[in-house]
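Here, residue 1 is the first one in the sequence, and each next residue gets the next number.
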Amino acid sequence: VQLQASGGGVVQTGGSLRLSCAASGRTFNIYTVGWFRQAPGKERMFVAAINRSAGDTYYADSVKGRFTISRDSAKSTVYLQMNSLVPEDTAVYYCAAGASGSLYYAYNYQYWGQGTLVTVSS
């Protein structure tokens, strides 16, 4: 499975962005997909995840109520809609798939996209 993250950019505080994670490979739709982010000098942190049926979603406390994860299995794409952005959301965002074990930990994911930079200006 190969993942391609896109949609990052520069926005002002309060703005919105939608990130996309497009996958190649027939097996993508069987995987839970997660979004993580990494700010400069910090660890890669869990943001959100969605299971293969899209019936269950999971969010970090810091983004609950502002971010929404969804998936379009026909397009093998997972989205992260980010609203009410704040400077603390500035980071490189990565999508990942193929978690074994807890979906909250980056080391449990097998496949990673290249990352897309989100910058929120104050």
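Closest of all the heavy-atom pairs between V47 and F67 is CG1-CD2, 3.7 Å. The two atoms that bring T77 and S20 nearest to each other are CG2-CB, 4.2 Å, heavy atoms only. Here the shortest heavy-atom pairing between A23 and V1 reads CB-CG1, 4.3 Å. Summarising the geometry of Y31 relative to G98, their closest heavy-atom pair is CD2-CA, 3.5 Å, with the distance given to 0.1 Å. Of all the heavy atoms in S16 and V11, the pair that sits closest is O-CG1, 3.9 Å.
At distances below 3.5 Å, not a single donor-acceptor pair connects side-chain atoms of T13 with backbone N or O atoms of V86. Under a 3.5 Å cut-off, the side chain of Q114 and the backbone N or O of A5 do form a donor-acceptor pair.
Residue Y93 is not grouped with residue M45 when hydrophobic side chains (ILVMFWY) are merged at heavy-atom distances under 4.5 angstrom, including chains of intermediate members. Under the 4.5 Å side-chain contact rule for hydrophobic residues, Y79 and I50 do not share a cluster.
Put simply, OG on S76 and CG on L3 are 10.5 Å apart, with the number rounded to the nearest 0.5 Å. In this structure, OG on S121 lies 10.0 Å from CG on L85, to the nearest 0.5 angstrom. Taken from CD in Q110 to OG in S100, the straight-line distance is 7.5 Å, to the nearest 0.5 Å. For the atom pair CG (L19) and CH2 (W35), the distance works out to 4.5 Å, reported to the nearest 0.5 Å. A distance of 8.5 Å separates CG in L17 from CD in Q81, rounded to the nearest 0.5 Å. Annotation: the span from I30 atom CD1 to R52 atom CZ amounts to 7.0 Å, rounded to 0.5 Å.
Side-chain contact check for R66 versus D89: some heavy-atom pair is nearer than 4.5 Å. The shortest distance between side-chain heavy atoms of S62 and R37 falls below 4.5 Å.
In the model, N51 has no side-chain atom that pairs as donor or acceptor with a side-chain atom of T32 under 3.5 Å.
Using a 4.5 Å cut-off between side-chain heavy atoms of Ile, Leu, Val, Met, Phe, Trp and Tyr, L117 falls into a hydrophobic cluster with F36, F46, Y58, V92, Y94, L103, Y104, Y105, Y107, Y109, W112.
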